[in-house]
Amino acid sequence: MVAIARALDIEAKVIVLDEPTSSLDANEVKHLFSVLRKLKTQGLGIVFVSHFLDQVYAISDRLTVLRNGKLIGEYEAARLPRLELVAKMIGKDLNAVHEMSARHGAEPLRAEHKPFLRVKGLARRGSMLPFDLEIRAGEVVGLAGLLGSGRTETARLLFGIDRADAGQVDIDGQSISLSSPRTAIAHRFGFCPEDRKSQAILPDLTVRENIVLALQASKGWTRKISARQQQDLAGNYIKTLNIATSDAEKPIKFLSGGNQQKAVLARWLASQPRLLISTNRRAASTSARKRRLRS
């Protein structure tokens with residue numbers, strides 16, 4: 001709201017909102033949209049950039065679709081069905097998108113699949129109340145909640161970024177102490193953080209160097225991965241996750257946000273993790289993760 005007020009103070013004719021709702025709850029989004037609609041009636045032009053299609057349709061009169069940096073087309077929102085929009089965004093045939101949308105979720109794992117990770121009463125004073133969690137191999141566990149509910153804090157505890165004050169963590173029946181990310185990596189945990197710029201990528205390093213980072217760390221710096229192995233590894237994941245880059249030697253800071261996030265995902269997949277923890281809400285990395293799970 002302060003940013004919008006600043007734009008109005010300089011008598012802006014057009015305001016560009018880049019993911020303005022990414023950290024807002026439902027009521028805050030509703031209030032923001034109410035303000036935007038009022039400004040629209042007063043003649044202000046608004047460009048709304050978002051990954052949330054429900055919100056795009058709720059606020060937009062016209063839709064502009066971009067894919068891999070290229071303009072695909074401009075459409076009236078009221079005349080473009082949602083599945084057709086998705087097809088244009090991902091470059092697939094409409095029938096293929098219909099088929100994808102009709103798929104059901106995976107069958108739940110049976111009782112004989114024992115959890116390899118058990119968390120009991122894990123807590124951190126002033127941050128997280130005690131919680132229990134069980135995860136089985138091949139299982140996707142979602143943590144849902146409003147902003148401030150503790151989703152990110154839970155992920156940070158599981159990866160050893162923050163140290164727990166209480167509770168127990170068992171892997172394959174053995175009690176361990178997740179005292180640091182180094183310990184988590186040693187137990188083949190991976191972590192894709194929400195803020196890739198400050199917590200994940202090394203912007204001045206190449207795509208290749210960013211991808212091999214976790215695997216090299218797990219091996220130890222004295223057991224260096226050869227240049228040929230690094231090139232093969234990076235090339236494989238660039239192809240598998242469809243990372244849009246001219247080559248693996250391009251500095252990662254020149255990639256789009258979604259492709260940077262794919263490279264972070266590739267970093268952890270290359271280390272063959274038993275548990276991949278992700279606090280990322282980006283659509284691009286979500287689709288990449290689904291492709292990996294299907295393969």
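Sequential numbering from 1 along the given sequence is applied to the chain's residues.
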Note to self: Is there a path of hydrophobic side-chain contacts, each under 4.5 Å between heavy atoms, that joins M89 and L66?
What the structure shows: no
Checklist line | Residues, nucleotides or ligands: over 12 heavy atoms within 6.0 Å of R67 CZ | finding: yes
Note to self: Any side-chain to backbone donor/acceptor pair from S271 onto A214? Under 3.5 Å, distance only.
What the structure shows: no
Margin query: Suppose we call two aromatic rings close when their centres sit under 6.0 Å apart. Are Y57 and F52 close by that rule?
Written below: no
Notebook entry, point to check: Is the backbone N or O of Q272 less than 3.5 Å from a side-chain atom of R188, with the two atoms forming a donor-acceptor pair by type?
Noted result: yes
Next item on the list: State, to 0.1 Å, how close A12 and L44 come at their nearest heavy-atom pair, and which atoms those are.
Entry: O-CD1, 3.3 Å
Item checked: Note: D172-K114 ion pair, threshold 4.0 Å (strictly below) -> no
Item checked: N236 side chain to D232 backbone, donor-acceptor under 3.5 Å -> no
Next item on the list: Return yes when atom CD of Q174 has more than 12 non-hydrogen atoms of other residues, nucleotides or ligands closer than 6.0 Å, and no otherwise.
Entry: no
Check: What is the minimum heavy-atom distance between A137 and F116, and which atoms define it?
Finding: N-CD2, 3.6 Å
Next item on the list: Please round to the nearest 0.5 Å and tell me the distance separating atom CD1 of I225 and atom CG of L233.
Entry: 7.0 Å
Check: Is a side-chain donor or acceptor of E139 paired with a backbone partner of R136 at a separation under 3.5 angstrom?
Finding: yes
Note to self: Could you report the tightest heavy-atom contact between L32 and P20, atom names first, then the distance?
What the structure shows: CD2-CB, 4.1 Å
Check: What's the verdict on side chain to side chain donor-acceptor pair (under 3.5 Å) for S127 and E153, showing C-alpha distance, side-chain angles and the deciding distance?
Finding: CA-CA 7 Å; S127 173; E153 290 80 1; 5.0 Å; no
Notebook entry, point to check: Between the main-chain N or O of T206 and the side-chain N or O of E209, is there a donor-acceptor pair closer than 3.5 Å?
Noted result: yes
Margin query: When you measure from the side chain of E84 to the backbone of K88, do you find a donor-acceptor pair of N or O atoms at a distance under 3.5 Å?
Written below: no
Check: Does a side-chain heavy-atom distance below 4.5 Å link S177 with V169?
Finding: no
Notebook entry, point to check: Same cluster for V47 and V35 if Ile/Leu/Val/Met/Phe/Trp/Tyr side chains link at under 4.5 Å?
Noted result: no
Check: With no hydrogens and no angle check, is any side-chain donor or acceptor of R267 less than 3.5 Å from a backbone partner on A200?
Finding: yes
Next item on the list: State, to 0.1 Å, how close R151 and L143 come at their nearest heavy-atom pair, and which atoms those are.
Entry: CD-O, 3.7 Å
Note to self: Could you check whether any side-chain heavy atom of L157 comes within less than 4.5 Å of a side-chain heavy atom of F131, counting everything from C-beta outward?
What the structure shows: yes
Next item on the list: Report whether L63 and V16 are members of the same hydrophobic cluster (ILVMFWY, side-chain heavy atoms less than 4.5 Å apart, transitive linking).
Entry: no
Note to self: Quick check against the 3.5 Å criterion: does Q260 have a side-chain atom that pairs as donor or acceptor with the backbone of I252?
What the structure shows: yes
Notebook entry, point to check: Which is it for R163 and S179 under the side chain to side chain contact (heavy atoms under 4.5 Å, CB included) test, yes or no, and what are the steps along the way?
Noted result: CA-CA 6 Å; R163 295 195 64 173; S179 56; 3.9 Å; yes
Next item on the list: Work out which heavy atom in A184 is nearest to a heavy atom in L158; give both atom names and the distance.
Entry: CB-O, 4.5 Å
Side-chain atoms of residues 243-251: list all donor-acceptor pairs with protein atoms under 3.5 Å, sequence neighbours left out, distances to 0.1 Å.
residue: T245; atom: OG1; partner: D247; partner atom: O; Å: 2.9
residue: D247; atom: OD1; partner: E249; partner atom: N; Å: 2.7
residue: D247; atom: OD1; partner: K250; partner atom: N; Å: 3.2
residue: E249; atom: OE1; partner: R208; partner atom: NE; Å: 3.4
residue: E249; atom: OE1; partner: R208; partner atom: NH2; Å: 3.1
residue: E249; atom: OE2; partner: R208; partner atom: NE; Å: 2.7

Check: Going by distance alone, is a donor N or O of one side chain under 3.5 Å from an acceptor N or O of the other, for S50 and E19?
Finding: no
Next item on the list: Provide the closest heavy-atom pair for S175 versus Q168 in the form atom of the first, atom of the second, distance.
Entry: OG-CG, 3.9 Å
Check: Taking the side chain as C-beta and beyond, is there a heavy-atom pair between V29 and N27 under 4.5 Å?
Finding: no
Margin query: Measuring only between side-chain heavy atoms, which start at C-beta, is I46 closer than 4.5 Å to V14?
Written below: no
Next item on the list: Enter the distance from T154:OG1 to L133:CG here, rounded to the nearest 0.5 Å.
Entry: 8.0 Å
Note to self: Taking the side chain as everything from C-beta on, heavy atoms only, tell me whether I176 gets closer than 4.5 Å to H187.
What the structure shows: yes
Margin query: Please say yes or no: joined through hydrophobic side-chain contacts below 4.5 Å, possibly via intermediate residues, are I90 and V56 part of one cluster?
Written below: yes
Check: Side chains of I135 and R118: does their closest heavy-atom pair fall under 4.5 Å?
Finding: no
Margin query: Quick check against the 3.5 Å criterion: does D170 have a side-chain atom that pairs as donor or acceptor with the backbone of V119?
Written below: no
Check: Can you tell if the side chain of L178 reaches within under 4.5 Å of the side chain of F189, non-hydrogen atoms only?
Finding: yes
Notebook entry, point to check: Which value, rounded to the nearest 0.5 Å, describes the distance between I211 atom CD1 and L241 atom CG?
Noted result: 8.0 Å
Checklist line | Mutual orientation of the aromatic rings belonging to F159 and F191 [parallel < 30°, tilted 30-60°, perpendicular > 60°] | finding: parallel
Next item on the list: Would you sort out whether N259 and K262 count as a side chain to side chain contact (heavy atoms under 4.5 Å, CB included), showing the intermediate values?
Entry: CA-CA 5 Å; N259 285 294; K262 289 183 185 181; 3.9 Å; yes
Checklist line | Matching residue for S226 among Q230, Q229, K224 - test: side chain to side chain donor-acceptor pair (under 3.5 Å) | finding: Q229
Margin query: Please determine whether a side-chain nitrogen of the Lys or Arg among R62 and E76 lies less than 4.0 Å from a carboxylate oxygen of the Asp or Glu.
Written below: no
Check: Among the clusters formed by ILVMFWY side chains lying less than 4.5 Å apart, do I72 and L53 turn up in the same one?
Finding: yes
Next item on the list: Determine whether P203 and K197 make a side-chain contact, defined as any pair of heavy atoms from C-beta on separated by less than 4.5 Å.
Entry: no
Notebook entry, point to check: For the atom pair CG (L215) and CG (L269), what is the distance rounded to the nearest 0.5 Å?
Noted result: 11.5 Å
Checklist line | From T152 atom OG1 to I277 atom CD1, the distance as rounded to the nearest 0.5 Å | finding: 11.5 Å
Notebook entry, point to check: When you look at R82 and D54, which way does the salt bridge (charged side-chain N to carboxylate O under 4.0 Å, His left out) test go after all the steps?
Noted result: CA-CA 9 Å; R82 190 163 309 196; D54 287 344; 2.3 Å; yes
Next item on the list: Please step through side chain to side chain contact (heavy atoms under 4.5 Å, CB included) for the pair Q55 and F33, ending with a clear verdict.
Entry: CA-CA 9 Å; Q55 296 177 10; F33 282 7; 3.7 Å; yes
Next item on the list: Indicate yes or no for a side-chain donor-acceptor contact from D18 to the backbone of V49 under 3.5 Å, with no hydrogens or angles considered.
Entry: no
Check: Can R156 and D162 be said to form a salt bridge (charged side-chain N to carboxylate O under 4.0 Å, His left out), step by step?
Finding: CA-CA 6 Å; R156 290 173 63 89; D162 298 329; 2.8 Å; yes
Notebook entry, point to check: Hey, is K120 close enough to D132 for a salt bridge, meaning N to O under 4.0 Å?
Noted result: no
Margin query: Please report the interatomic distance CH2(W268) to OG(S218), rounded to the nearest 0.5 Å.
Written below: 8.5 Å
